[in-house]
**Student:** 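I have a structure here, written as structure tokens, and I will follow up with some questions on it.
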Amino acid sequence: VREIASGLQHDIPIEGMSGKMIVFSNLKVKKLGGFPSNGMVLCSNIEQKHFELLRPTDESQIGERVFLEGNEKD
């Protein structure tokens with residue numbers, strides 16, 4: 001479990017920030033929102049109007065690489 005701060009509080013309600021999601025965890029700790037943030041959440045942004053957290057599939061493994069559809073590499 002990690003505490004991660006984001007600037008998404010106006011776009012995603014707190015209830016939507018729980019559960020499994022894709023995060024970058026190999027970043028330096030940075031103090032944001034009054035506490036040390038231990039990563040960054042990955043989200044999509046459609047026309048800068050709708051933000052959505054990217055969530056792993058049930059088959060995903062911790063540490064697995066993330067690719068954009070159509071840009072997969074071996």
Side-chain angles (χ1 to χ4, degrees):
V1 177
R2 295 177 176 270
E3 286 189 312
I4 298 176
S6 77
L8 298 170
Q9 64 269 21
H10 297 293
D11 301 294
I12 300 175
I14 192 70
E15 305 84 43
M17 295 296 285
S18 61
K20 292 182 180 181
M21 62 190 75
I22 298 175
V23 300
F24 293 104
S25 61
N26 60 341
L27 306 169
K28 290 182 180 180
V29 175
K30 184 170 182 179
K31 191 169 184 178
L32 297 170
F35 66 92
S37 181
N38 292 284
M40 183 185 323
V41 296
L42 186 60
C43 67
S44 65
N45 178 352
I46 301 169
E47 296 179 10
Q48 296 187 356
K49 294 179 182 178
H50 177 73
F51 290 85
E52 186 174 328
L53 293 172
L54 277 81
R55 300 193 183 267
T57 64
D58 291 336
E59 297 82 28
S60 297
Q61 300 293 316
I62 293 174
E64 194 171 2
R65 292 178 128 189
V66 176
F67 296 98
L68 297 175
E69 191 173 314
N71 291 309
E72 299 88 355
K73 294 184 180 183
D74 295 328

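Just so it is clear, the structure is predicted and the values come from calculations on it, not from any experiment. Throughout, residue positions are numbered sequentially from 1 according to the sequence presented. Heavy-atom basis, side chains included; hydrogens, waters and symmetry copies ignored.
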**Student:** Between V66 and L27, is there shared hydrophobic-cluster membership here, with clusters defined by ILVMFWY side-chain heavy atoms closer than 4.5 Å?
**Tutor:**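 Per the 4.5 Å side-chain linkage, V66 and L27 are co-clustered.
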**Student:** Return the set of residues passing side chain to side chain contact (heavy atoms under 4.5 Å, CB included) with E64 (not counting sequence neighbours), or none when no residue passes.
**Tutor:**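 Here the qualifying residues are S60, Q61.
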**Student:** Using a 3.5 Å cut-off and no angle test, enumerate the donor-acceptor pairs between side-chain atoms of residues 1-22 and protein atoms at least two apart in sequence or in another chain.
**Tutor:**
unit_1	atom_1	unit_2	atom_2	d
R2	NH1	N38	O	3.1
S6	OG	L8	N	3.3
S18	OG	E15	O	3.2

**Student:** Restricting to non-hydrogen atoms, name the atom on L32 and the atom on S37 that form the minimum distance, rounded to 0.1 Å.
**Tutor:**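 In this case the closest contact between L32 and S37 is CD1-CB, 4.0 Å.
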**Student:** Is it true that F51 and L53 fall in one hydrophobic cluster, defined by side-chain heavy atoms closer than 4.5 Å?
**Tutor:**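 In one cluster with F51: L53, yes.
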**Student:** Is it the case that atom CZ in F24 sees more than 12 heavy atoms from other parts of the structure closer than 6.0 Å?
**Tutor:**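 It does not: F24 CZ has 12 such atoms or fewer within range.
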